[in-house]
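Throughout, numbering of the chain's residues begins at 1 and tracks the sequence.
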Amino acid sequence: MILPEIKAADLLTADQKLVAMMAELRSMPLDFTPIYTYTPDDSLVKAEAAPWIRVTPIPGDKSLASDDERAFEYPRVQVDFWLREENMDRLAEIQEQIYQTLKAGGFYRYYQDRYTDPDLDGCLMVTANFEGFLERKD
């Protein structure tokens, strides 16, 4: 079984449209796709490297049982991305691409927000929570 944050990050990394969109907006060229399942090193946490994405698990253990066994699970992940304020006109496009990609992979958004990141001048932090669906077959 794959961890939900790894599955979501793999889905986003495989989305070439999203990866190209992010690369087009980034003022600092990178030789890798900046989609993380952890907080990246401080050398990459700067406005020039934005946009980048972080996918992390949301604590909890929501499930449905049948005959005292877990039949269905609902893994949750939080997807954050940072965007330079000068690229605000592309925010909805990136959000929609992330939404469509994760929806196609079985994750459904139930929360979203955005705000100026107090730790990173000139950047917005955009956050969304997604819930997946997993049928257990063991």
Side-chain angles (χ1 to χ4, degrees):
M1 183 167 91
I2 188 169
L3 294 171
E5 66 272 22
I6 301 294
K7 180 180 177 183
D10 287 349
L11 290 167
L12 295 171
T13 301
D15 181 347
Q16 291 305 304
K17 182 177 178 181
L18 175 64
V19 170
M21 196 182 313
M22 291 171 40
E24 175 189 334
L25 297 175
R26 195 173 301 113
S27 63
M28 176 180 147
L30 298 175
D31 58 358
F32 60 93
T33 302
I35 298 176
Y36 307 96
T37 55
Y38 55 88
T39 300
D41 180 86
D42 284 346
S43 67
L44 293 172
V45 178
K46 49 188 164 188
E48 301 80 36
W52 73 87
I53 296 174
R54 177 181 66 194
V55 183
T56 53
I58 295 174
D61 196 22
K62 187 175 173 189
S63 65
L64 290 176
S66 174
D67 296 327
D68 295 327
E69 294 290 328
R70 296 171 76 89
F72 302 101
E73 295 179 346
Y74 301 93
R76 292 179 169 183
V77 295
Q78 180 171 321
V79 178
D80 304 317
F81 71 91
W82 284 259
L83 183 69
R84 288 191 324 275
E85 290 175 346
E86 66 197 56
N87 293 324
M88 181 80 163
D89 61 328
R90 301 288 298 277
L91 174 64
E93 182 182 3
I94 295 171
Q95 276 184 311
E96 183 64 17
Q97 191 65 35
I98 290 170
Y99 171 75
Q100 293 298 333
T101 299
L102 291 180
K103 182 177 140 190
F107 287 92
Y108 301 90
R109 187 178 66 217
Y110 64 91
Y111 171 85
Q112 68 179 354
D113 195 10
R114 69 177 181 270
Y115 52 87
T116 300
D117 189 325
D119 299 321
L120 197 56
D121 288 341
C123 281
L124 293 172
M125 180 179 177
V126 183
T127 187
N129 294 352
F130 291 82
E131 182 174 81
F133 174 81
L134 174 66
E135 183 177 2
R136 294 196 51 119
K137 297 179 183 183
D138 47 31

- Do the non-hydrogen side-chain atoms of I53 and L18 ever get within less than 4.5 Å of each other? yes
- Got a second to check how far I98's CD1 is from L11's CG, nearest 0.5 Å? 12.0 Å
- Query: Of the options I6, L3, V77, which is the one that meets T37 in a side-chain contact (heavy atoms from CB on, under 4.5 Å)?
  - Reply: I6
- Are more than 12 heavy atoms from other residues, nucleotides or ligands located less than 6.0 Å from atom CZ of R109? yes
- Item | Pairs meeting criterion ring pair (Phe, Tyr, Trp, His ring centres under 6.0 Å) with involvement of residues 86-110, two or more places apart | none
- Single-linkage hydrophobic cluster I35~F32, side-chain heavy atoms < 4.5 angstrom: no
- Message: I'd like to check the ring pair (Phe, Tyr, Trp, His ring centres under 6.0 Å) partners of F133; sequence neighbours left out, ordered by chain and number.
- Response: F72, Y74
- Note on the structure: Closest non-hydrogen contact found for P57 with E5 is CB-OE1, 3.7 Å
- Task: Taking the side chain as every heavy atom from C-beta outward, state whether M88 and L124 have any pair of such atoms under 4.5 Å apart.
- Result: yes
- Message: Is there a side-chain contact between W82 and V45 in this structure, where contact means two heavy atoms from C-beta onward sitting under 4.5 Å apart?
- Response: no
- Item | Atom pair NZ (K46) and CG (D121), whose distance is rounded to the nearest 0.5 Å | 14.0 Å
- Value rounded to 0.5 Å, distance of CD in E24 from CZ in R90: 4.5 Å
- Message: What I'd like to find out is whether the side chain of I94 reaches to under 4.5 Å of the side chain of L25, using heavy atoms alone.
- Response: yes
- May I ask you to decide whether E86 forms a salt bridge with R84, counting only side-chain N to carboxylate O separations under 4.0 Å? yes
- Distance-minimising heavy-atom pair for V55 and A8: CG1-CB, 3.8 Å
- Item | Pairwise side-chain contact, K103 with Q100, heavy-atom cut-off 4.5 Å (strictly under) | yes
- Task: Enter the distance from Y111:OH to R76:CZ here, rounded to the nearest 0.5 Å.
- Result: 13.0 Å
- Just do the side chain to side chain contact (heavy atoms under 4.5 Å, CB included) check on T127 and Q78 with the steps written out, would you? CA-CA 7 Å; T127 187; Q78 180 171 321; 3.1 Å; yes
- Note on the structure: For D15, the side-chain hydrogen bond (donor to acceptor under 3.5 Å, both in side chains) test, sequence neighbours excluded, returns Q97, T101
- Query: Any side-chain heavy atom of L91 within less than 4.5 Å of one from F81?
  - Reply: yes
- Item | Residue pair V79 / L12, side-chain heavy-atom distance below 4.5 Å | yes
- If you group Ile, Leu, Val, Met, Phe, Trp and Tyr by side-chain heavy-atom gaps below 4.5 Å, do V19 and L102 land in one group? no
- Please lay out, stage by stage, how I2 and D10 fare under the test side chain to side chain contact (heavy atoms under 4.5 Å, CB included). CA-CA 10 Å; I2 188 169; D10 287 349; 3.8 Å; yes
- Can you get from M125 to M28 by hopping between Ile, Leu, Val, Met, Phe, Trp and Tyr side chains that sit under 4.5 Å apart? yes
- Flag side-chain contact, heavy atom, 4.5 Å: P34 against R26: yes
